[in-house]
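Just below is one structure, and these are the notes that go with it.
The figures here come from the full heavy-atom set of this structure, side chains too, leaving out hydrogens, waters and symmetry mates. Residue numbers begin at 1 in each chain, while the letters A, B, ... track the order of the sequences. Because the structure is a prediction, the values reported are computed rather than measured.
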There are 2 protein chains.
Amino acid sequence: MGRRRSEAVTLGDVAKRAGVSIATASKAINDRGEVAAATRARVLRAAAELSFQPNVLAQGLVAGRTRAIGLLTDEFDGRFAIPILLGAEKALSDQEMSVLLCDTRGDAIRRNHYIRTLLARQVDGFIVVGDSNDVRTSLTADLPVPAVYVYCRSTNPADLCLVSDDEGGARLAIEHLIALRRKHIAHITGPQHYRAARDRVAAVHAVLAEHDLPLAGGQPLHGEWSQRWGRHAARLLVATAPEVDAIFCGNDQIASGVVQALTGLGRRVPDDVAIVGYDNWEIFAADCTPPLTTIDLNLQQLGTTAVAHLAAALSGSRAAGVVRQPCRLVVRESTA
Amino acid sequence: MGRRRSEAVTLGDVAKRAGVSIATASKAINDRGEVAAATRARVLRAAAELSFQPNVLAQGLVAGRTRAIGLLTDEFDGRFAIPILLGAEKALSDQEMSVLLCDTRGDAIRRNHYIRTLLARQVDGFIVVGDSNDVRTSLTADLPVPAVYVYCRSTNPADLCLVSDDEGGARLAIEHLIALRRKHIAHITGPQHYRAARDRVAAVHAVLAEHDLPLAGGQPLHGEWSQRWGRHAARLLVATAPEVDAIFCGNDQIASGVVQALTGLGRRVPDDVAIVGYDNWEIFAADCTPPLTTIDLNLQQLGTTAVAHLAAALSGSRAAGVVRQPCRLVVRESTA
DNA sequence: CTGGTGACCGAAAACGATTTCGACAATGCG
DNA sequence: CGCATTGTCGAAATCGTTTTCGGTCACCAG
């Protein structure tokens, strides 16, 4: 207990060792003021020898920036927050900034607590990672620092929200299938109460209409986001619309289940039926036989973009509105 | 730009507003020293009215603790780091501590950079999350603060390493199958170069020997950690050891593939062949038909335990050695 | 040789807190 | 009433650092 650091090496120690005053040492280390190159080198060497850690905290006091940002997430175990976090962390570390991670578990009390804690730590900004589905009540009014909302929408239109372009992703998928001359395209996806599912369905209808094609099965099949539902839905679909020659699935789990069921029914993928998944969740998309063509959400890029916007906001120019991050078609053998 | 906080409200402001000295205000807010209840209330109200943020940074200067820890991870996208992180984050937030997250991507340069950064931020301790497979070179010598290694082993036996008890987990699985009176138990698992795979194989052999049972198929089947390998291995196994009535799989992906293949071959699960997975990765274990009995690694608990040890180390009592976190058998229908 | 000009450096003030310690009033006790 | 005790409070010291500002010194032109 007691003193944490065995011998808290202070700027004074460095100065003494370098044979200069504390002031000069400070200037040398922070590259400020006028310090002769030789002196500066001596100070730096002394600092290195003592493995001096400038007390960022005290310096932050005056300098104003802590070079840390708070990342608030509602549902960290969800699959989507992680790549976003990863991208953000990478982008931040490129700018020598740190991430303070907080998972609210969807609990408002925890969230407020975290916000207080992070503010007490003087974070320079917030990244709020949400659940694409629901709308986040805006925190911006309570914050003295900028915030960027990622993978969710804020209630305040003046906030900046980065979301995945679901319409664009679905469009990519369907246009890919149409380019492969498939005429009977079906859509198996997740629960209708997911905004992402609804947006993609809208795009599916739009693109098919543009090409005068029907939706095989008449309407999209809504179920869970699971392999099981994929298997079930595929059997349903083959029974009711045997002419189906392509299926666009709401995620890779469903797609993986669909492939299993189709294979079980003797339909060949992609020869008889082409399959496109969604999310590019490697563990499902690449492990499937055949590997799945799918839509990559560029989640890591989303995190990176969020950091870029935050950095912009920190230097004064803040954007607003909903920004859609384009998706990317990843072609594998399930449509080859 | 400029001043970040509109008007940095200082303790002096609070004191003036409350009509007390700065010293009294400090004591009132930190609940230290002798302060009359009425005065204290007045100070607190003033602080609240000014929405005063105690400058944790400056206070950390003297008090010594920043109440933040650094979490270093090699491979964050791996599936294992996340639950550990989650557990650690939860435990830390219960103690009003924050997590600074750093992902080294297995790069030594990044790692050193992060360590410097975190030390500059005066973190109170480190949690190093590794890859169970390899041995981490110990950082402890370079750190003026305690460190706990999780899900990996350190080169320094004086370090504290928390790992999952692979032998124990495998033992649970096999004993469960034996209790179900299965006589022909096989083992399909991942690459032999994984320590976890080897440790579990050893335990499988040991437990079977204790019960005078053979390993169906003669030896464990090593392959990838994938559904595909599960399917392939299951077909192999049925061909070479048709009497098999139980399979212990190295993870839930493999198990899920095994179930698919067995079902395809007309074997019923669990009636003909009981299946036990590993990891309790819900997305595979629970979505499987039938849902998988599996071994839960208690990863979140691992994170919590790590924090507990770190807290202990912070208050002076540091432990050492390798601590094995017990696993837990989760029974679902694949052995029902 | 003299005066001026920079470059370089250090003493000291500031910063926003905590903590020590002495002052003071109220209270208890004989 | 006198004295000791207790409870409150604030002046001032302290922390590690940055920043201001004045001093010193070398060098150079005249």
Find the distance [X]:[atom1] to [N]:[atom2] and express it as a whole number of Å.
X        : N       : atom1 : atom2 : value
Ile29(A) : dG16(D) : CD1   : P     : 15 Å
Asn30(A) : dT20(D) : CG    : P     : 13 Å
Lys16(A) : dG10(C) : NZ    : P     : 14 Å
Asp31(B) : dC9(D)  : CG    : P     : 13 Å
Arg42(B) : dG10(D) : CZ    : P     : 8 Å
Lys27(A) : dT19(D) : NZ    : C1'   : 8 Å
Arg40(A) : dA7(C)  : CZ    : C1'   : 16 Å
Asp13(A) : dG16(D) : CG    : C1'   : 11 Å

Out of curiosity, Thr305(B) OG1 to Gln325(B) CD, how far, rounded to the nearest 0.5 Å?
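With rounding to 0.5 Å, OG1 (Thr305(B)) is 4.0 Å from CD (Gln325(B)).
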
Going by salt bridge (Lys or Arg N to Asp or Glu O under 4.0 Å), name the residues that satisfy it together with Asp31(B), two or more places apart in sequence or in a different chain.
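Scan of Asp31(B) (salt bridge (Lys or Arg N to Asp or Glu O under 4.0 Å), adjacent residues dropped) gives Arg40(B).
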
Test item: side-chain donor near acceptor, Arg110(A) and Tyr114(A), under 3.5 Å
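Looking only at side-chain atoms, Tyr114(A) and Arg110(A) do form a donor-acceptor pair, the distance falling under 3.5 Å.
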
If only atom types and distance count, is the side chain of Arg105(B) paired as donor or acceptor with the main-chain N or O of Asp103(B) below 3.5 Å?
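Checking the backbone N and O of Asp103(B) against the side chain of Arg105(B), a donor-acceptor pair under 3.5 Å is found.
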
Hey, is the main chain of Thr10(A) close enough, under 3.5 Å, to the side chain of Asp13(A) for a donor-acceptor pair?
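Yes: the side chain of Asp13(A) pairs with the backbone of Thr10(A).
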
Shortest side-chain distance from Glu34(A), nucleotide among dC8(C), dT17(D), dA17(C):
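For Glu34(A), the side-chain atoms sit closest to dC8(C).
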
Charged N to carboxylate O below 4.0 Å: is that the case for Arg136(A) and Asp159(A)?
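Salt bridge absent between Arg136(A) and Asp159(A).
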
Taking only heavy atoms on the protein side, list every residue of residues 19-26 of chain A lying under 4.0 Å from any atom of DNA chain D, sorted numerically.
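Under 4.0 Å from DNA chain D: Ile22(A), Ala23(A), Ser26(A).
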
So, does Thr10(A) get its side chain near the phosphate of dT17(D), meaning an N or O under 4.0 Å from OP1 or OP2?
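Yes, Thr10(A) has a side-chain N/O under 4.0 Å of OP1/OP2 on dT17(D).
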
Does Arg32(B) have a side-chain nitrogen or oxygen under 4.0 Å from the phosphate oxygens OP1 or OP2 of dT18(C)?
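It does not, given that no N or O in the side chain of Arg32(B) lies less than 4.0 Å from OP1 or OP2 of dT18(C).
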
Measure across Val145(B) and Val123(B) and return the closest heavy-atom pair with its distance rounded to 0.1 Å.
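Shortest heavy-atom contact: CG1-O, 3.5 Å.
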
